[in-house]
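Notes follow the structure.
Numbers here are sequence positions counted from 1. Each ligand, and each atom within it, is numbered from 1 in the order the structure gives.
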Amino acid sequence: MDQITIRMPDDFHLHVRDGAMLEGVIHHTVARFARAIIMPNLKPPVVTVSDAALYRERIQKVAGNAFEPLMTLYLTDQTNPQTIEAAKKSGFIHGVKLYPSGATTNSDAGVRELAGMDSVFRAMEEVDLPLLIHAEVTDPSIDIFARETVFLDRFLRKLPEKFPRLRIVFEHITTAAGAEFVTGAPPTVAATITPHHLLLNRNALFVGGIRPHNYCLPVLKKETDRLALMEAATSGNPRFFAGTDSAPHEKSTKENACGCAGIYNAHAAVELYAEAFDSMGALDKLEGFMSESGARFYGLPLNNRKLKLIRKNQIIPAAYNFAGLSVVPMRSGETISWSIEDAFE
Ligand code: NCD
Ligand code: ZN
């Protein structure tokens, strides 16, 4: 297959930031996705319905009408059931994001005591608002490559039993154990998978020297984990769907003695997924993963527009300049073997 036309995809995990960065990055997403779940880890974070309403307006102003931002709230120790009810009533908030405090970029305000969140989880279950989880423990004594599996064992496995109607998205899964858990979990549990965790393993962090642009959280894992994610994504199981976790950082904050976590892939996210699926001989599963399974899990209508991809190399620039902000994208200076030809009604 040298070309494929799919329903316009949705990105179920995206960082678009704010201000000049937002204005720079959003066009890449709009050219490829009809909707995206917008991560709330701004500084300060998006914690109230009115924060989300204002952020949504700022996104819409630059994105235009063809794109729908699906807003989320950032869960803190102070979030209460009233906020959850108000979020559901808003109609534009589609999930609540749990960052264990300190787990990743801008997560200081995140949850310190998971045990204290039961009333909030119950309220989410009641109003049917999905819980999106950055599933890593923050305990510095735990090996960084084990933080997802330890979180899984300590917390996540028990959650569906305790809250059987709560819809849970295990975000950006990175391990074979994570994929196996989702496969065996009840249908209320789903997972997003990023293009970089499908295409890279942890060796990519150290090719000829340290590679800060391949550093993200959860950190890249072993080749066996990558292969398990490839199997899950291309399996046709609707509980796995696309969430790019495109997370732009200015070049100097990544090429730094203490470089930020986050990989920018919005410039070619669909093409990277196409390349991954093609390498598995599974292009026939691409549309379900990119454009259908996530929408169904979130209870959203399917998009009508279409996107046509062709097998044709595209050369990725070394960096993008967004109003003076330099962002080094995934595959910087290299090629991707699929390209977008057209988006149409
Ligand atoms: C994200 C960011 O930069 O906001 N970074 C990342 O490495 N993925 C935060 C996150 O999703 O963990
Ligand atoms: Zn993220």
Side-chain angles (χ1 to χ4, degrees), residues 10-19 21-22 24-26 28-29 33 36-47 55 59 69-75 94-111 130-138 144-145 147-148 151 169-175 178 191-200 202 204-205 210-221 229 241-256 258-267 269 272 294 322 325 327-330:
D10 298 312
D11 182 349
F12 284 97
H13 184 128
L14 176 67
H15 301 268
V16 293
R17 315 302 189 202
D18 214 343
M21 186 68 95
L22 165 62
V25 298
I26 197 74
H28 282 154
T29 291
F33 295 95
I37 283 279
I38 305 293
M39 287 295 133
N41 63 333
L42 300 182
K43 258 182 161 168
V46 177
V47 292
Y55 187 29
I59 296 168
L70 307 168
M71 307 310 292
T72 60
L73 291 189
Y74 185 116
L75 201 61
H94 295 268
V96 178
K97 180 71 190 276
L98 165 61
Y99 291 102
S101 182
T104 186
T105 307
N106 299 345
S107 64
D108 307 351
V111 171
L131 174 64
L132 321 184
I133 306 183
H134 183 111
E136 286 194 288
V137 293
T138 55
I144 188 159
F145 295 101
R147 288 184 188 174
E148 178 174 296
F151 187 94
V169 185
F170 183 175
E171 295 290 343
H172 42 50
I173 61 167
T174 62
T175 56
T192 53
I193 306 181
T194 76
H196 41 282
H197 290 104
L198 287 177
L199 291 165
L200 302 174
R202 64 193 190 180
L205 290 162
I210 195 152
R211 298 289 187 139
H213 298 291
N214 288 335
Y215 174 55
C216 65
L217 287 168
V219 73
L220 298 170
K221 301 295 192 303
L229 299 181
F241 47 81
T244 65
D245 197 16
S246 178
H249 290 273
E250 212 276 327
K251 187 172 182 235
S252 64
T253 66
K254 287 194 66 74
E255 296 177 9
N256 190 291
C258 186
C260 294
I263 292 178
Y264 184 67
N265 62 34
H267 63 298
L272 288 162
F322 299 132
L325 299 170
V327 172
V328 177
M330 186 168 168

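At least one N, O or S atom of D245, from either the backbone or the side chain, sits less than 2.8 Å from the Zn ion (ligand 2). Among the atoms of H13, an N, O or S atom falls under 2.8 Å of the Zn ion (ligand 2). For H134, every N, O or S atom stays at 2.8 Å or more from the Zn ion (ligand 2).
Counting heavy atoms closer than 4.0 Å to ligand 1, residue E171 contributes nothing at all. If you look at M39 next to ligand 1, there are no close heavy atoms at all, none under 4.0 Å.
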R17 vs N41, side-chain contact (heavy atoms from CB on, under 4.5 Å): CA-CA, chis, key distance, verdict = CA-CA 8 Å; R17 315 302 189 202; N41 63 333; 4.1 Å; yes
Start with the C-alpha gap between I173 and I193, add the side-chain angles, then the distance that decides, and say whether side-chain contact (heavy atoms from CB on, under 4.5 Å) holds.
-> CA-CA 6 Å; I173 61 167; I193 306 181; 3.9 Å; yes
Any chance you could lay out the side-chain contact (heavy atoms from CB on, under 4.5 Å) test for E171 and T192, step after step, and finish with the verdict?
-> CA-CA 5 Å; E171 295 290 343; T192 53; 2.9 Å; yes
Apply the test side-chain contact (heavy atoms from CB on, under 4.5 Å) to residues E136 and H134: give CA-CA distance (whole Å), side-chain angles for both, the deciding distance (0.1 Å), then the verdict.
-> CA-CA 6 Å; E136 286 194 288; H134 183 111; 2.8 Å; yes
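Side chain of S246 to backbone of A266: a donor-acceptor contact under 3.5 angstrom is found. Side-chain atoms of N106 do not come within 3.5 Å of backbone N or O of P45 as any donor-acceptor pair.
In this structure, N106 does not count as a contact residue of ligand 1, since none of its heavy atoms falls inside 4.0 Å of the ligand. Using a 4.0 Å heavy-atom cutoff, K254 is absent from the residues neighbouring ligand 1.
Using modelled atom types, one finds a donor on one side chain and an acceptor on the other under 3.5 Å when comparing T174 with K221.
Using cut-offs of 30° and 60° for the angle between ring planes, the Y74 and Y99 rings count as tilted.
Below 3.5 Å of separation, one finds no N or O of A247 facing any N or O of ligand 1. On a distance-only criterion, C216 and ligand 1 share no N/O pair closer than 3.5 Å. Checked by distance only, ligand 1 and Y215 stay at 3.5 Å or farther apart across all their nitrogen or oxygen atoms. Among the atoms of T104, some N or O lies under 3.5 angstrom from an N or O of ligand 1. Polar contact with ligand 1: absent for K97 (N/O pair, distance under 3.5 Å).
Here CG of D11 is found 9.0 Å from CG of D245. Values are rounded to the nearest 0.5 Å. A distance of 13.5 Å separates CE in M330 from NE2 in H213, rounded to the nearest 0.5 Å.
Regarding atom 5 (N) of ligand 1, its nearest protein heavy-atom neighbour is A261 O, 3.1 Å. The nearest protein atom to atom 7 (O) of ligand 1, hydrogens excluded, is given as L217 N, 2.8 Å; this is a heavy-atom distance.
No more than 12 heavy-atom neighbours from other residues, nucleotides or ligands sit within 6.0 angstrom of CD1 on I210.
Per-residue contacts place G262 under 4.0 angstrom from the following atoms of ligand 1 (heavy atoms of the residue considered): 5 (N), 6 (C), 7 (O). Of all the atoms in ligand 1, the ones that sit under 4.0 Å from a non-hydrogen atom of H134 are 12 (O). Counting atoms of ligand 1 from 1 in the listed order, those under 4.0 Å from a heavy atom of H13 are 11 (O).
In the candidate list D245, I263, L14, D245 is nearest to atom 8 (N) of ligand 1, counting heavy atoms.
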